[in-house]
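So you know, we letter chains A, B, ... as the sequences are listed, proteins then strands, and number each from 1.
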Amino acid sequence: MRIGIVCPYDWNTPGGVQAHIRDLATELKRRGHEVSVLAPSDDESALPDYVTPAGRPVSVPYNGSVARLNVGVVSAARVRRWIKQGNFDVVHVHEAVSPTVSVLTCWIANGPLVATQHAAMERSKALSSLSLLANTALEKVSGRIAVSEKARQFMVEHVGGDAVLIPNGVSCETFAAPEQLPGYPREGPTLFFIGRIDEPRKGLPTLIEALPKIVAVHPDLQLLVAGPGDTDEVAAELPPEIAPHVRFLGLVSETDKVRAYHSADVYIAPQLGGESFGIVLLESMASGTPVLASDLEAFRLVLGDGRYGELFRTGDPDDLAQKCLSLLAEPDRRRQLSGLGLRRAREYDWSTVARDVERVYASVITPGEPVSADLSEQLLGRWARRAAKEDSR
Amino acid sequence: MSGPAWLVTLLAVAVVIAVVVYLSSTAGRLDRLHRRVEVGQDNLHRALQRRRDLADHAAAIGVLDPASSLLIANAVARVDATEPSDRVATYLAESDLTAVLTAVFADPTEVDEIIDEPGGEVVARLADSCHRVEIGRRFYNDAVLATRNQRNRAIVRIFRLQGRAAMPETVEMADAPPEGFAGR
């Protein structure tokens with residue numbers, strides 16, 4: 001199959017949707033498909049060969065965080081050219097309810113379209129941007145995928161129409177690599193957190209608040225923090241007794257991310273909300289590192305209500321500290337969780353996900369009829385097409 | 001022509017143009033929705049056909065026990081005997097096939113065993129086809145409901161924007177894949 005995938009966010013900024021698309025594209029290529037990704041990008045020289053740039057991203061506050069989006073006149077031309085050159089059997093857009101290049105692609109493309117919904121937005125935010133945008137764009141989509149039950153409910157309630165549930169994948173092979181960061185394992189326990197450090201929703205403040213209690217018992221404890229954001233600013237705000245226990249890795253490479261998971265005794269996911277799926281939890285589990293996560297619905301689902309990892313009350317630093325201390329005190333429990341987590345992660349391996357996505361593609365395509373770019377039809381309906389037909393006669 | 005009258009004419013022309021553009025784009029939307037329904041129906045029918053073929057094949061080559069083989073072959077034959085124009089009877093027979101498959105492939109470990117046997121690969125493909133039937137019907141019904149919503153709008157009915165396209169209908173049938181095929 002010739003598959004075109006549209007990424008709505010800047011390719012060079014790490015994020016769940018970007019990682020999802022990269023891994024899906026890699027797995028689909030491994031399964032013998034031709035895959036091309038269209039994505040906004042700041043640095044076009046840094047793109048892998050299967051990614052086509054869709055223009056420069058702009059920063060927009062969206063859904064409680066700062067998103068770097070891309071829509072514009074240049075993008076429309078690039079989308080059109082990409083579709084024409086790609087001659088795709090199916091075009092797969094992501095997050096097509098927000099004003100992005102995904103929606104633009106829906107408007108321009110004609111033919112088999114698949115859309116994946118990642119986020120489950122709140123009602124008020126959703127409605128304002130949805131009613132106008134999504135209806136016109138999603139109406140053209142013949143196959144919808146939701147990555148979580150929450151995202152699916154969101155689609156059913158606000159967009160109309162059902163979606164097939166295909167959870168996020170994790171590349172178990174990548175995260176199994178048993179390497180650690182240089183200098184690890186170190187004396188004393190190590191905790192790990194990854195996510196935007198300056199975004200409150202990711203919950204780093206809760207973790208920082210819990211640290212004094214944990215450090216009181218383990219004076220040699222270290223918290224590894226990875227992810228984009230202004231490190232200096234966050235570091236400056238740390239209480240002086242905590243600062244020596246926190247090591248900021250900044251934006252890490254994929255390899256270093258895997259190493260960091262393997263360097264930690266416990267992975268902490270203190271997110272406060274807005275998570276529709278916990279990909280970081282699966283990454284940690286695939287690395288064999290036990291997880292302690294806030295009890296958000298999405299996390300409870302991945303962790304089997306506490307069977308595959310520990311849960312604490314969302315936003316409660318005292319509960320976090322207590323659960324963390326008991327995990328650190330029980331190496332047997334950690335070893336048990338590590339084993340269970342590895343097995344759980346395999347259920348979400350990309351080979352399983354890619355097979356399910358292939359089924360969706362197969363259910364929408366028409367053999368011999370690739371996706372075409374046709375904005376005129378969008379604007380003037382049948383008449384424009386009829387005129388074009390007569391023209392060509 | 002006096003100033004206001006000239007302005008009124010201009011306005012009227014603008015309004016007419018706006019209405020025409022709106023109507024034509026609505027007609028275009030409907031056209032696309034009907035196309036989605038058509039493609040969805042073709043794909044659903046292909047998925048059902050594939051499921052029948054693979055079920056029949058699995059029943060014929062002896063990878064299953066004789067009783068199960070007979071049940072499956074019978075269910076497939078009953079679908080084939082229905083008149084394709086009789087939607088109710090056809091999808092009822094397809095639902096019966098679903099029920100038979102659900103009963104035969106109820107246990108994941110048994111299914112694993114069958115698939116590992118020589119010729120068992122056809123059962124793996126049958127599992128795939130069952131999932132595709134479920135997805136295909138969901139997508140088809142989505143397209144039908146979106147189309148019906150548009151067609152029920154007053155503006156569409158008054159201006160007959162749907163053209164000659166027939167009102168699409170959803171497909172109602174049991175399509176949940178057997179327990180034993182979960183995760184396959």
Checklist outcome for this item: Value for CD (A:E139) from CZ (B:R32), rounded to nearest 0.5 Å, stands at 6.5 Å

Next on the checklist: Can you give me the closest heavy-atom contact between A:V141 and B:R36, atom names plus distance?
Outcome noted: O-CZ, 3.1 Å

Item to check | Toward chain B, the part of A:E369 with a non-hydrogen atom under 4.5 Å | outcome: side chain

Item to check | Proximity breakdown for A:T352 and chain B, heavy-atom pairs closer than 4.5 Å | outcome: neither

Checklist entry - Got a second to check how far B:H131's NE2 is from A:R355's CZ, nearest 0.5 Å? => result 6.5 Å

Next on the checklist: Report, in residue-number order, which members of residues 133-145 of chain B are under 4.5 Å from chain A by heavy-atom distance.
Outcome noted: B:I135, B:G136, B:R138, B:F139, B:D142

Checklist entry - Heavy-atom count around A:E347 CD within 6.0 Å, excluding the residue itself: above 12? => result yes

Checklist entry - Just wondering, more than 12 heavy atoms not from B:E172 lying within 6.0 Å of its CD? => result yes

Checklist entry - For chain A, which residues of residues 78-112 of chain B have at least one non-hydrogen atom nearer than 4.5 Å to it? => result none

Item to check | Inter-chain contacts: residues 356-364 of chain A against chain B, heavy atoms under 4.5 Å | outcome: A:R359, A:V360, A:A362, A:S363, A:V364

Item to check | Contacting moiety of A:L113, where chain B heavy atoms sit under 4.5 Å | outcome: neither

Item to check | Atom group of B:N149 that falls short of 4.5 Å from chain A, counting heavy atoms | outcome: neither

Checklist entry - How would you list, in number order, the residues of residues 37-58 of chain B that have a heavy atom less than 4.5 Å from chain A? => result B:V39, B:N43, B:R46

